[in-house]
Amino acid sequence: MPAPPLEIHDMTVAYHRKPVLWDIDLVAPEGQLIGIIGPNGAGKSTLIKAVLGLAPLASGQVRIYGLPYAQQRHLVGYVPQRETVDWDFPVTALDVVMMGTYGRLGWFRRPGAAERRLAQSCLEKVGMQGYAPRQIQQLSGGQQQRIFLARALAQDAHIYFMDEPFAGVDAATEQAIVTLLQSLRDGGKTVFVVHHELQSVRNYFDFVILLNLRLVAAGPTATTFTRQNLQQTYGGRLTILEEAAEAVRLGEPPR
Amino acid sequence: MIALSNTQLVMLGTSLLGCVAGVVGSFAVLRRRALVGDLLAHAALPGLCAAFLLLNYRALSARALGEVAAATSAWRFTAMLAGAFVTGLVGVAVVTFICRWTRTKEDAAIGIVLGTFFGVGVVLSSWIQNMPAASSKAGLQTYIYGQAAGMTREDVWFITIVAAACLTLVALLYKEFKVFSFDPGFARAQGWPTLTLDLVMMATLALVTVVGLPTVGVVLMAAMLIIPGAAARFWTDRLGRMLVVSGAIGAASGIGGTLISAGALESVLGYDPLAFGHNTRNLPTGPVIVLCGTALFLVSLLFAPRRGAIARLVRMLTVRRRIQHEHLLRSLYELSEPRLPRVLEVPLSQLIEDRSWTAAGVRRLLRWAGRAGLVERTATSAKLTTEGLALAERVVRRHRLWELFLISGADIAPDHVDRDADSIEHFLTPDLVRRLEAQLARTGRLPPAAVGAVPLSPHELAAHEAHRSNSPSAQEPTDG
Amino acid sequence: MANWFASLDASLRDAVFVVGVAALTNVACALLGCYLVLRRMSLLGDALSHAVLPGLVVAFVMAGSLNIVYMLAGALAVGLLTTFLTQVVHRQGGVPADASMGVVFTSLFALGVVLIKRYGQGVDLDPDCVLYGQIDLVEFYTVNLGGYEVPRALVSIVPVLAVNVAVILLLWKELKISSFDPALATTMGINAELLFYLLMALVAVTTVASFEQVGSILVIAMLIVPGATAHLLTDRLSRMMLIATALAIGSAVLGYAASLAWNVAAAGPMAVMAGLFYLAAALASPRYGIVSTLVRNAQTSLRIVREDLLAMLYRLEELRVERRLGAREATKAIGAGILGDVGLWSLARRGELKRVDGGLQLTDSGRRRAAGLVRSHRLWEAYLVQHLGLPADHVHTPAERMEHFIGQRLAEHIVADLQDAHQDPHGRAIPAPTTTVPEVATETRRHGDATDEGTEKGGRG
C-alpha cells in the first residue's frame, strides 16, 4: 500500500514550551477534500503550520507520502491566512501567483515565459484573469483570497493546505472556491481546509478532522461529523488540558 | 578613471551611494524595518573607533621600531569600515537576541543597543582624541557628521565596488527577496532559508551604511536608507520599478546635494538664494543631500499620481461631489414621487428643508444639474428633465435596494438605516445592484412586481405594513 | 553653604557639579522614558532628540544667544511638529509608521545641521556640543542666583525636572491607564491623544534642557535604557519609576568615575553604564533575566532526570526485580549522561536514594516520591486514553513527558475526570496518593462524571 498523503504520529506542538496541540495521531486519505474543524483557539492553523514546519514540534513526527516535509516540499501547496501579509506591498496579482513557481525554480533563476503562462492559467482557473496587472491592495477580500489560491495552484502540488480560505469572502466567491477545490479533488489531489462554518461542512468535505487542543475525531464526514463528536469538540472547556499546558509552561508542578 | 574635477568626483560618489542606499533601503522600508538603518549607523561607531585604535597602535609600535608606518590610507579605510560593519551587524544581532530572550520589546531594544553602542563609540573616539600622536584624529568627527567634500579617488572606487556588489546581489536574489519580504511564512514553507535571506539583507544594509558613513554621517545615513524607498513607493505599485525609482531618487539626491553645496545655485541663478547675508558655499554636503531627498519625498507625497496627497484629495472631493449630486437627484425624485410619472416643480425651500442644505449649496448643485441637462430650473423651483428622471430612478433604485438589503440582512431597525445606506449605495456597481435585487426577490423581501423598477422605500413599506395590520380594509395607494 | 562649597577640594567640587547636573538630567529623561518604553514608543524619544535641533538653532538665531526660554520654546514647537508630521505622513501619505518617523526626524536633523553650519558659527552650539554636551565644563558656565554662583545648567534642568515630576504626580492615574490600555482610557473619558501630545511635549522640552548638558547620545540612552531596565525588574509602574530613577543616578555616578579613569568626556561612559545596567538586569533579573531562566530550565532538567531515576527504580521494585541497578546502568537506562550522575548525587543528598552493595536502592521517602510520579504518569495515560481517545500503546511517551508537571491539584482534577483512577490503560495499578488527599470528596465527584464519560466513549466507537 502506498504511503498516505499525510501521516501525523504522536505530535505535540508547543509555543514557548506551552503545548497548544496535544498528542495528535492522524492518517489522512488520498484524493479527498478534508475539513479541519474546531472552535477558535483550537489549534487548527497550528496543525497546518506544524505540518509545514512553521510551528515547533515538541514531539512526534509528520510524514508526507511517507517522508519528512523537507523532502516533499515540491508536493505541497500552501494558502496562508489572508491577514498574515501586507496587502499594500508593491506587487501585482500576477506577481503573487508567480511566487508559487519560485520553489521549483531554485536559487537565482528568474521566472520566464513558461512561469508567466502557468500563472496566467492559474488566474484563469480562479476566475481572475482580468486582474493580473492589479496591485493587490485594489482587490476585494474575496479576490485577494482567490489570488492566494491561484498561487497555491501555481505550486502545482499534490497536497494543499489552506488556512481559512473562506474568511471574509462573499457567498459567490465561497461557492467558486469550493467548486475549484472539488475539481482539484476530482483530479486526485488531497486538499486540507481550515474551516469554522459548521452548516456547510457536510456539503463541502469528504473527510473531517475535528480538533480542539487534541484530536477529537477524524474520519469520513458521514460517520464522523455527528452531533456527539461536535459536542465533544465544541462543548465545554478542556480545563485539564489548559491546566496541564500552564503547568508545563511554568516548568514546576504546583505542589 | 577619467580625469574628474573634485565636484564631479564627489558627485559620482554620492550618486552611487544614494542609488545603492535607495535600493537596499527599499526592502527595509517595505519590511517595516526602516529604523534598522539608524541602528546600524549608530552601532557602527565603536567598530570604526576600535579598528582605528588597533591600526594606530600598530602604526605607533611600527614607528617605535624604526620602521615606516605600514598602513596605507586605503588599507586603513577598509579596515575601519570592516570594524564598523562587524559592530553594526553585532548590534542588529543583539537586538534580535534581546527580543527573543527578554520581555523588552523591539523598539526599546533598538534604542538600548543604539544608545549603548554609540556611547562606547563616543568613549573610544574621545580616547582617540586624547591620544598623543594620533596621526589623523580629526578623521572620526567626519564619521559622525560626514564629510563628502573630502572624498578621495580611493573612496569613490570603494563606493563603486560596494555599490556594484550590492546591486548585483539584489539583482541575483530579486525573486528570493521579493517572496521573503512579501510573505515570510509562505517563503519558509516553500523551502527558502529565511534566516539566511534576512541575514544577507541585513549585511547589504550594513555594508551600504558603513560605506556611506564618511560621506553623510551617522544619523543622515539612516535618512539615505529610508527616504528614497518611502518616496518611490508613491510612484509605482511594482517592486521592480520601485527599486529603480528609489535608486534614481537616491542618486538624484546625491547629485543635487553635491551641486547645491558646491554653490551650483549661485552659479546658475547669479546669486545664492540661501545666503541671507552670510558667507555662501561651504554648506555641508551630507545634510544637503538628505534635504534634497526630503524635497523629492515631499514632491512624491504631494504630487504622485495615485497615492499622492493631492490625488487622494481630488479623489475624495470627486466622490463627495458625486454623492451630493446623487442626493439632489434623489431629493427631487422623492419630492415628486407621489405624482409620478408626472414630474413636479419642486420649490427650492422644500429642497433646502429636505436635506438641511444651505440655500447657496442647493443653488450650486442645481447649477451643475442644469448644465448637465438633468434639471429645468426657475429662480424659485426646479424640476427633473426626462434624462434627469431616468438617472434619478437609477440612483433611487440603488439606494432603496441597498436599504432593503441592510434591513433584511443585518436586521437593523428601518429608521437606523438611512445613514448607512447613504454612504455605501454610491459605490455599488450595476452588476452588484442586479445581484442585490435578485437576492432580495428570491428571499421574498422584494415584491416580484418591483424587480427592475424603483421599489418603494422601506420606510414606507414599514408604514404600510403597520397600516395594513391596523385596518385591513384600508385602501392602499398603488405603487409603481 | 557657599563657604562649605568653596572650601571643597577643586576636583571634588568638579565631581559634585558634574555628577549632580548629570544625575538631575538623567532622572528627568528616565522618568519620561518609563512611559515611552511601556507605550512601545521608545524610538519616538530617539527621533525627538534628533529632530529638535533645528528648533534650537532657530531659537538661538532669534535670541542671539543660548537663551534657555527661547530654546525650550523652539524645542517644544519642533517636537510637537515632529510628532504631528510623523502622524500626517503616516496617515495621509500611507507611509508605514516607522518609515514616516525615519523620514521626518532625519530630515529635520539634516535641516538642523545645515542651519548650525550656516548661522551657528562662533557660538558653542556646534555639532560637537550636540553630540557630547558640555557636562565636563559645567562649572565654568555659571550664573549668579541670589548671591550664589550656580551652574547655569541647573537653571534649565531643575525647572524641567520639577515640571516632569509635577505632571507625572498630577496625572499619575491618567498617564498610567493611557499607557497600559489607550482604548480603556478613551472609554473612561480620558483624552489619550491629548496625553500623548503632552508626553511628547515633555519629552521635547526635557530633551533640549538635557541636550546642552549631556549631549544627544546620553539623552537617547537615558530616555530608553533605565526605563527598559526597570521594566525587567518589576511589573509595577511606581516601582519602575523609582528603579529607573536610581539607575539614572547610578549611571551618572559610575559614568563620571569611569570618565575620570579613562580620561574621556563623561557623556559616553554614562551611556555605557546605563547599557551595562541593562545587561546586568537582562541577565540576572529574578523573574525575567536570561540567567535566571537558564537556571530555572537547568533546575527543571535536573528535576526531570531525578524523577526519571526514581520512577525507574520504583517500576523495577514493582516488577519485583531482585537485582539492584548500578549507577552507570541506571543513568544509561534513562538516557541521561553527566546530568544523570548529578541527578544520582542530588537524590542521595536528599535522602531519597541510597547505595546498597554497589547498587541503588530507594529509601522510604524516595519511594513515596516515586509513587507520586508513577501515579501522575499513569493518571495521564488513563486520561489520554479516556479523553483524547489515544490507543493504549501510544500514551507512554506523552505521559513520560507530562508526569513531571502534574501537581497535586491537577492530579485531583484528572482523578475526578476518570472512570477508574486505580488502573492505568495497561492494567497496572495506579499508586494511591502519598500525601493526604481528601479521597472521599474526589470519589463522589468522579461518579457524577462517569456517566458522561461512558456515553462519550461509546459515541466514538
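Letters go in sequence order (proteins before strands), and every chain restarts at 1. The structure displayed is predicted, hence computed values, not measured ones.
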Subject >> Structural part of C:H50 lying under 4.5 Å from a heavy atom of chain B >> reply: side chain
Original post:
B:I112 versus chain C, heavy atoms under 4.5 Å apart: side chain, backbone, both or neither?
Top reply: both
**OP:** Could you tell me which of B:T104, B:V288, B:V29 has the largest number of non-hydrogen atom pairs under 4.5 Å with chain C?
**Re:** B:T104
Original post:
Do you know which of C:M101, C:M41, C:R40, C:M273 has the most heavy-atom pairs with chain B at a distance under 4.5 angstrom?
Top reply: C:R40
Original post:
Using non-hydrogen atoms only, which part of B:L302 is less than 4.5 Å away from chain C: side chain, backbone, both, or neither?
Top reply: neither
Subject >> Closest-packed option against chain B by number of heavy-atom pairs under 4.5 Å, given C:L36, C:L276, C:L232, C:I220 >> reply: C:L232
**OP:** Would you give the length of the straight line joining atom CZ of C:R236 to atom CD1 of C:I243, rounded to the nearest 0.5 angstrom?
**Re:** 10.5 Å
**OP:** Heavy-atom pairs under 4.5 Å with chain B are the metric here; pick the option from C:V104, C:T293, C:L111, C:V37 that has the most.
**Re:** C:L111
Subject >> C:S285 side-chain N/O to C:A282 backbone N/O, donor-acceptor pair under 3.5 Å >> reply: no
Subject >> Whether B:T96 side chain and B:V92 backbone form a donor-acceptor pair below 3.5 Å >> reply: yes
Original post:
Side chain, backbone, both or neither: which part of C:M222 has an atom under 4.5 Å from a heavy atom of chain B?
Top reply: neither
Original post:
When you measure from the side chain of B:S181 to the backbone N and O of B:F27, does any donor-acceptor pair fall under 3.5 Å?
Top reply: no
**OP:** Against chain C, work out which of B:L30, B:L313, B:D38 has the most heavy-atom pairs shorter than 4.5 Å and name it.
**Re:** B:D38
Original post:
Pick from C:P96, C:A228, C:A258: which one has the most heavy-atom pairs with chain B under 4.5 Å?
Top reply: C:P96
**OP:** Inspect the contact between B:R233 and B:D237 and indicate whether a charged nitrogen and a carboxylate oxygen are less than 4.0 angstrom apart.
**Re:** yes
Original post:
What part of B:F234 lies closer than 4.5 angstrom to a heavy atom of chain C: side chain, backbone, both or neither?
Top reply: side chain
Subject >> Region of C:V95 in contact with chain B, defined by heavy-atom distances below 4.5 Å >> reply: side chain
Original post:
Are side-chain N/O atoms of C:T86 and C:S100 paired as donor and acceptor at under 3.5 Å?
Top reply: no
Subject >> Region of B:R103 that comes under 4.5 Å of a non-hydrogen atom in chain C >> reply: both
**OP:** Could you grab the distance from atom OH of C:Y35 to atom CZ of C:F196, nearest 0.5 Å is fine?
**Re:** 15.5 Å
Original post:
Between B:S246 and B:L243, is there a donor-acceptor pair closer than 3.5 Å when you use the side chain of the first and the backbone of the second?
Top reply: no
Original post:
Using a distance-only test with no angle check, is there a side-chain donor-acceptor pair under 3.5 angstrom linking C:R39 and C:S179?
Top reply: yes
**OP:** Please state whether the side chain, the backbone, both or neither of B:I98 comes within less than 4.5 Å of a heavy atom of chain C.
**Re:** side chain
**OP:** Could you tell me the separation between the CG atom of C:L108 and the CG atom of C:L81, rounded to the nearest 0.5 Å?
**Re:** 6.5 Å
Original post:
Counting heavy-atom pairs under 4.5 Å to chain C, which of B:A108, B:G37, B:G115 comes out on top?
Top reply: B:A108
Original post:
Do B:T285 and B:T258 get their side chains close enough for a donor-acceptor pair, meaning under 3.5 Å?
Top reply: no
Original post:
Hey, which of B:V113, B:V123, B:I110 has the most heavy atom pairs under 4.5 Å with chain C?
Top reply: B:V123
Subject >> Part of C:A274 within contact of chain B (heavy atom distance under 4.5 Å) >> reply: neither
Original post:
Which atoms of C:N263 come close to chain B, meaning under 4.5 Å heavy atom to heavy atom: side chain ones, backbone ones, both, or neither?
Top reply: both
